[in-house]
Asks: 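Okay, here's the structure, questions in a sec.
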2 protein chains.
Amino acid sequence: MLIKKSAKNASLPKKNASLSQKNTPLLKKNASLSKKNAPLSKKITPLPPENSSDPRLPRYLQVRDDLLQRIALRSWAADEALPSEDKLAAEYEIAVGTMRKVLDALVTDGVVDRVRGRGTFVARAAERSSMLRFVRQHGKAKNQLPTAEIRSMTSAIPPAAVAEKLKLKPRDKALYLHRTRSLDNEIVLSEHIWLPLARFRKLQKYLKSNSPPSLYPVYESECEVLVSRAIDDLTAKPLNRANASVFKLKTKTMAICVERLMLDHAGEPVEWRTSFVPAERFQYSAEVR
Amino acid sequence: MLIKKSAKNASLPKKNASLSQKNTPLLKKNASLSKKNAPLSKKITPLPPENSSDPRLPRYLQVRDDLLQRIALRSWAADEALPSEDKLAAEYEIAVGTMRKVLDALVTDGVVDRVRGRGTFVARAAERSSMLRFVRQHGKAKNQLPTAEIRSMTSAIPPAAVAEKLKLKPRDKALYLHRTRSLDNEIVLSEHIWLPLARFRKLQKYLKSNSPPSLYPVYESECEVLVSRAIDDLTAKPLNRANASVFKLKTKTMAICVERLMLDHAGEPVEWRTSFVPAERFQYSAEVR
DNA sequence: CAGTGGTCTAGACCACTCC
DNA sequence: GAGTGGTCTAGACCACTGA
């Protein structure tokens, strides 16, 4: 937010002479452009200065980082359009072409979706990051919808390894969920989920009276937490007694263990999850370029 | 290659009036631009008309598809620079900005790499698609280099399922390799590889007197086949007797089976490979956006 | 030094959505 | 019809590479 127009830019082409004096802030707060659209200022949440990115970076990266912050702070609901290219370009005092470069980069990062004629929207990672993509949907009842069951829920100080993943301070509590997912009345997934309690208090209340099929949309609607990307780590391990009993399988049956760290659009950790799929039910596809 | 400038483009801004008559081919063969750099025509391999993409598509997509074809046909060696933006833009008769859009798209698709001050180069998929990324590198001797051993090599008409994946005709032969890979003198990977014989005859000869650590670079140097991307399908299965004996493990020991279809830059299938990693040695990381 | 890709601008026209 | 994103152009200056 504190990035200035560099001297080289200020003294560039003759045409631009009138455009701006030096030391213009990156984001113009409420400038003359609101002459037509009065309440444009509504969404502009000034950020603390520590969030500024390196002023030596290209402008489009600085603007991208700033937009990313505003998205992570939920300046726009997931089904609300961001300001148009023109307006954003005017806010940041950059050319529309540069603003397009910023938005295109956010599209390829999966942060926003753009729809011609409608606008630019904050993207949701929910569907493509479903854990069910590790599960084979075999044969019969292929149209069956998956179901989910919360088997236990507590809040506690998490193990040190989990606390580290979630960047929690030593005595910060976390919400713990044990959840199973079923396909065609067969349990196919057993999940141990840890969430920073500070951001997820409302979830605890909500889950006492609701049993939603997916969690990520609830994180969004109840806790204003929008997930952006997941880092998954797969290994194969024999099931311990507790997990085996969940699947009604023998202890030491081989299973695939997926350890997932889920991040928000600002890159902050949001969830740590350890999931088990019996080896028989495991399947996964990936394309490598 | 047959795409015309559409009428709308030809009659666009006043400035462009002198630029081009209608019905200009997408790729200008050897036009006036070679006034300075005479032998520019060297690399221009005219393509059969069937390869033209839909003329209703945006120009940048048509140009991208055409470049993709030329890359797949190995018009440029992997360490040779493509013509510069300016030259390519002139060849295709599009603006440099549009040409940049094409090249940027190819970069994000992993087809080319661009280096400021040096040029644009055809990318290699070799390292990032190594099967060893599915293998855990544990403890001792972490710096040990992986080794490879070809255990058998024959040419034969492949099973129907393999022939279909490789898009072979009914009686086309394929080269079959059984290969193992070891880490620290322990076999960690057993691979069954099928290659269309037509494109890989030279490989057969080469492997009789060489034992290279990686195959993909040899595909490139011996057979002029440049791999672009892989589609991997993972499941868990118990080892059959033959595969178990390779690892010196008991039959029915659980293993991860990776089925891979490898494609070239034109999207044509190049290799089908079924690999096994003992479950104990399996590990895989992925980021989902 | 010439040549390359990287950033940025300013503006045109188009296709689409929604009122 | 007003507003949105998608395509395309034409040109400026910059940073980096290699001869």
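Residue numbers begin at 1 in each chain, while the letters A, B, ... track the order of the sequences.
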Asks: In whole angstrom, give the distance that lies between atom CZ of B:Phe121 and atom P of D:dT17.
Replies: 12 Å

Asks: Could you report the tightest heavy-atom contact between A:Asp233 and B:Ser285, atom names first, then the distance?
Replies: OD2-OG, 2.9 Å

Asks: Should A:Arg114 be listed as having a side-chain N or O under 4.0 Å from OP1 or OP2 of D:dG6?
Replies: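 It does, given that an N or O in the side chain of A:Arg114 lies less than 4.0 Å from OP1 or OP2 of D:dG6.
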
Asks: Give a yes-or-no answer on whether the side chains of A:Glu271 and A:Tyr216 include a donor-acceptor pair shorter than 3.5 Å.
Replies: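 Judged by distance alone, the side chains do pair up.
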
Asks: Under the side chain to side chain donor-acceptor pair (under 3.5 Å) rule, collect the residues that match up with A:Thr98, sequence neighbours excluded.
Replies: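 Partners of A:Thr98 by the side chain to side chain donor-acceptor pair (under 3.5 Å) criterion come out as none, since no residue qualifies.
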
Asks: Is A:Lys87 close enough to D:dG3 that one of its side-chain N or O atoms is under 4.0 Å from OP1 or OP2 there?
Replies: no

Asks: What is the distance from CD of B:Glu85 to P of D:dC14, rounded to the nearest Å?
Replies: 17 Å

Asks: Between A:Arg116 and C:dT17, is there a contact of a side-chain N or O with OP1 or OP2 at under 4.0 Å?
Replies: no

Asks: Going by an N to O cut-off under 4.0 Å, is there a salt bridge joining B:Arg114 and B:Asp104?
Replies: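 Judged by the 4.0 Å cut-off on N to carboxylate O distance, B:Arg114 and B:Asp104 do form a salt bridge.
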
Asks: Please figure out whether B:Gly117 or A:Val115 has its closest DNA chain C nucleotide nearer the 5' end.
Replies: B:Gly117

Asks: So, is A:Ser84 close to the D:dG3 phosphate, meaning a side-chain N or O under 4.0 Å from OP1 or OP2?
Replies: no

Asks: Could you tell me the separation between the CZ atom of B:Arg59 and the P atom of D:dC8, rounded to a whole number of Å?
Replies: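 My rounded result for the distance is 8 Å.
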
Asks: When A:Arg74 is tested against each of A:Val122, A:Asp264, A:Leu226 for side-chain contact (heavy atoms from CB on, under 4.5 Å), which residue passes?
Replies: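 Looking at A:Val122, A:Asp264, A:Leu226, the match for A:Arg74 under the side-chain contact (heavy atoms from CB on, under 4.5 Å) is A:Leu226.
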
Asks: Measure the distance from CD1 on B:Ile94 to C1' on D:dT7 and round it to the nearest whole Å.
Replies: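 In whole Å, D:dT7 C1' and B:Ile94 CD1 are 11 Å from each other.
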
Asks: Could you check how far CD of A:Glu80 sits from P of D:dT4, rounded to whole Å?
Replies: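 Result: 14 Å.
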
Asks: Of all of residues 95-113 of chain A, which get a heavy atom below 4.0 angstrom from DNA chain D, listed by number?
Replies: A:Arg100

Asks: Please tell me if the side chains of B:Val270 and B:Phe200 come closer than 4.5 Å, counting only heavy atoms from C-beta onward.
Replies: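 Result yes, sub-4.5 Å side-chain heavy-atom pair found.
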
Asks: Rounded off to whole Å, could you give me the CG-to-P distance for the A:Leu61 and C:dG6 pair?
Replies: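 Whole-Å distance recorded here is 13 Å.
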
Asks: Calculate the interatomic distance between B:Leu82 atom CG and C:dT4 atom P; express it in whole Å.
Replies: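 Roughly 12 Å, once rounded to whole Å.
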
Asks: Is there a side-chain contact between A:Leu67 and A:Met99 in this structure, where contact means two heavy atoms from C-beta onward sitting under 4.5 Å apart?
Replies: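 Yes, at least one pair of side-chain atoms sits under 4.5 Å.
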
Asks: Does B:Thr120 put a side-chain nitrogen or oxygen below 4.0 Å from OP1 or OP2 of C:dT4?
Replies: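 For C:dT4, OP1/OP2 do not have a side-chain N/O of B:Thr120 under 4.0 Å.
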
Asks: How long is the line joining OH of B:Tyr92 and P of D:dC8, in whole Å?
Replies: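 The answer, rounded to whole Å, is 14 Å.
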
